[in-house]
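Just so it is clear, the values below take in all heavy atoms, side chains as well, and ignore hydrogens, waters and symmetry mates.
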Amino acid sequence: MEKITSFTIDHLKLLPGLYVSRKDQVGENVITTFDIRMTRPNFEPVMNTAEIHTIEHLAATFLRNHKDYADKTIYFGPMGCRTGFYMVLAGDYSSKDVLPLVQEMYAFMKDFEGEVPGACAKDCGNYLDMNLNMAKYISKKFYEEVLQDITEERLVYPE
């Protein structure tokens, strides 16, 4: 079998950033999958499941309630390697196109106060595995170190 595209990216050169992972044609529509890479693969520790789970709840809630992207949001969820997230949107987008959205989302998460949406037994299959303080910490770190003054090398996959 052939390697899938995401396994052809040199993860030894990949920096935390916002990348277009792939674009798929579904009928007449384009679906864009983004790689929101929060930690440097194979160089930094991966995120723990509790903060990943919390970020998933916060980001999915944010996106599905966004005034411009609610009806374009298909999916937001973690990578199995625990170094980041996939965000899937209906439409043909570049990383620069959605940078303001991702900046807004991470600002929302780093400053979030209150109960994590869906963090109860009735709404979630593993509601006890949450860590809001750590989710806010790593969201703030990513926002300040990567998203605020993002460079081109963190918007386009390395060659």
Side-chain angles (χ1 to χ4, degrees), residues 1-110 112 117-118 126 134-159:
M1 285 193 271
E2 290 184 36
K3 277 188 183 181
I4 62 172
T5 305
S6 61
F7 295 156
T8 66
I9 304 304
D10 188 342
H11 285 67
L12 298 173
K13 295 179 182 176
L14 188 59
L15 299 173
L18 172 62
Y19 306 97
V20 172
S21 176
R22 60 184 292 146
K23 293 186 182 190
D24 294 291
Q25 192 74 35
V26 180
E28 296 180 15
N29 302 306
V30 175
I31 305 296
T32 306
T33 301
F34 292 94
D35 172 337
I36 302 175
R37 192 65 61 148
M38 291 183 64
T39 65
R40 187 168 179 201
N42 304 305
F43 285 87
E44 293 181 85
V46 298
M47 294 177 283
N48 292 311
T49 61
E51 55 259 30
I52 288 173
H53 192 194
T54 306
I55 288 172
E56 176 191 19
H57 277 238
L58 293 173
T61 299
F62 172 85
L63 289 167
R64 294 190 184 280
N65 285 281
H66 194 276
K67 62 182 175 59
D68 298 321
Y69 288 91
D71 62 345
K72 297 175 176 75
T73 299
I74 295 173
Y75 175 76
F76 182 91
M79 297 176 178
C81 62
R82 297 185 294 152
T83 62
F85 294 86
Y86 289 114
M87 179 176 73
V88 183
L89 300 175
D92 187 354
Y93 299 106
S94 70
S95 295
K96 286 182 182 176
D97 292 335
V98 300
L99 179 59
L101 170 68
V102 175
Q103 289 168 327
E104 185 182 350
M105 180 172 64
Y106 275 83
F108 166 80
M109 292 189 297
K110 76 180 182 65
F112 185 83
N126 192 11
M134 187 55 99
K136 289 172 62 169
Y137 172 82
I138 62 176
S139 293
K140 180 180 183 201
K141 183 178 186 308
F142 184 69
Y143 180 82
E144 292 177 352
E145 294 179 7
V146 178
L147 294 176
Q148 273 190 321
D149 296 310
I150 198 161
T151 58
E152 191 69 24
E153 73 179 340
R154 292 175 186 257
L155 291 166
V156 178
Y157 275 143
E159 304 229 1

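Nearest heavy-atom pair across Thr61 and Asn65 is O-ND2, 2.7 Å. Considering every non-hydrogen atom in both Ile55 and Ala135, the closest pair reads CG1-CB, 3.8 Å. The minimum heavy-atom distance between Ile9 and Pro158, with the atom names listed, is CG2-CD, 4.4 Å. Nearest heavy atoms, Leu155 versus Tyr19: C-CD2, 3.8 Å. For the pair Ala90 and Ile74, the tightest heavy-atom approach, listed with the atom from each and the gap, is N-CD1, 3.8 Å. Heavy-atom minimum distance, Leu99 versus Leu18: CA-CD2, 3.9 Å.
For the pair Thr73 and His66, the minimum side-chain heavy-atom distance is 4.5 Å or more. In this structure, the side chains of His11 and Cys81 stay at 4.5 Å or more apart for every pair of heavy atoms. Taking the side chain as every heavy atom from C-beta outward, Glu104 and Asp68 never approach each other to under 4.5 Å. Side-chain contact between Pro78 and Met38: absent, with no pair of heavy atoms (C-beta onward) separated by less than 4.5 Å. Looking at heavy atoms from C-beta onward, Val102 lies in side-chain contact with Met87 at the 4.5 angstrom threshold. Between Met109 and Phe62 the shortest side-chain heavy-atom distance does not fall below 4.5 Å.
The distance from atom CZ of Phe85 to atom OH of Tyr75, rounded to the nearest 0.5 Å, is 9.5 Å. Here Met47 contributes atom CE and Met134 contributes atom CE; the two are 11.0 Å apart, rounded to the nearest 0.5 Å. From His57, atom NE2 reaches atom CD1 of Ile52 across 12.5 Å, with rounding to the nearest 0.5 Å. Separating the CG atom in Leu63 from the CZ atom in Phe108 is a distance of 10.0 Å, to the nearest 0.5 Å. Here CG of Leu14 is found 10.5 Å from CZ of Phe43. Values are rounded to the nearest 0.5 Å. The CG atom of Asp71 lies 11.0 Å from the CZ atom of Arg64; values are rounded to the nearest 0.5 Å.
Under a cut-off of 6.0 angstrom, the local environment of NZ in Lys110 is crowded, with over 12 non-hydrogen atoms contributed by other residues, nucleotides or ligands. Atom OH of Tyr137 is surrounded by 12 or fewer heavy atoms from other residues, nucleotides or ligands within 6.0 Å. Other residues, nucleotides and ligands contribute only 12 or fewer heavy atoms inside 6.0 Å of the CG atom of Asp149.
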- Message: Before you tell me yes or no, could you show the steps for Met79 and Asp35 under side chain to side chain contact (heavy atoms under 4.5 Å, CB included), namely the whole-Å CA-CA distance, both residues' side-chain angles and the distance that decides it to 0.1 Å?
- Response: CA-CA 9 Å; Met79 297 176 178; Asp35 172 337; 3.1 Å; yes
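Salt-bridge formation is detected for the pair Glu145/Lys141: a Lys NZ or Arg NE/NH1/NH2 atom is positioned less than 4.0 Å from an Asp or Glu carboxylate oxygen. Taking the charged nitrogens against the carboxylate oxygens, Lys96 and Glu152 do have a contact shorter than 4.0 Å, which makes a salt bridge.
With sequence neighbours left out, Tyr143 forms a ring-ring contact (aromatic ring centres under 6.0 Å, His included) with no residue at all. Scored by the salt bridge (Lys or Arg N to Asp or Glu O under 4.0 Å) test, Lys136 finds Glu113 as partners (sequence neighbours excluded).
Between the Arg154 side chain and the Pro16 main chain, a donor and an acceptor come within less than 3.5 Å of each other.
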Identify all side-chain donor-acceptor contacts of residues 20-32 below 3.5 Å with residues at least two apart in sequence or on another chain.
| residue | atom | partner | partner atom | Å |
| --- | --- | --- | --- | --- |
| Arg22 | NE | Asp24 | OD1 | 3.2 |
| Arg22 | NE | Asp24 | OD2 | 2.8 |
| Arg22 | NH2 | Asp24 | OD1 | 2.5 |
| Lys23 | NZ | Asp92 | OD1 | 2.5 |
| Lys23 | NZ | Tyr93 | O | 3.1 |
| Gln25 | NE2 | Gly27 | O | 3.2 |
| Thr32 | OG1 | Gly91 | O | 2.5 |
| Thr32 | OG1 | Tyr93 | N | 3.2 |

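For the 3.5 Å distance criterion, the side chains of Thr49 and Arg82 fail to qualify, holding no donor opposite an acceptor.
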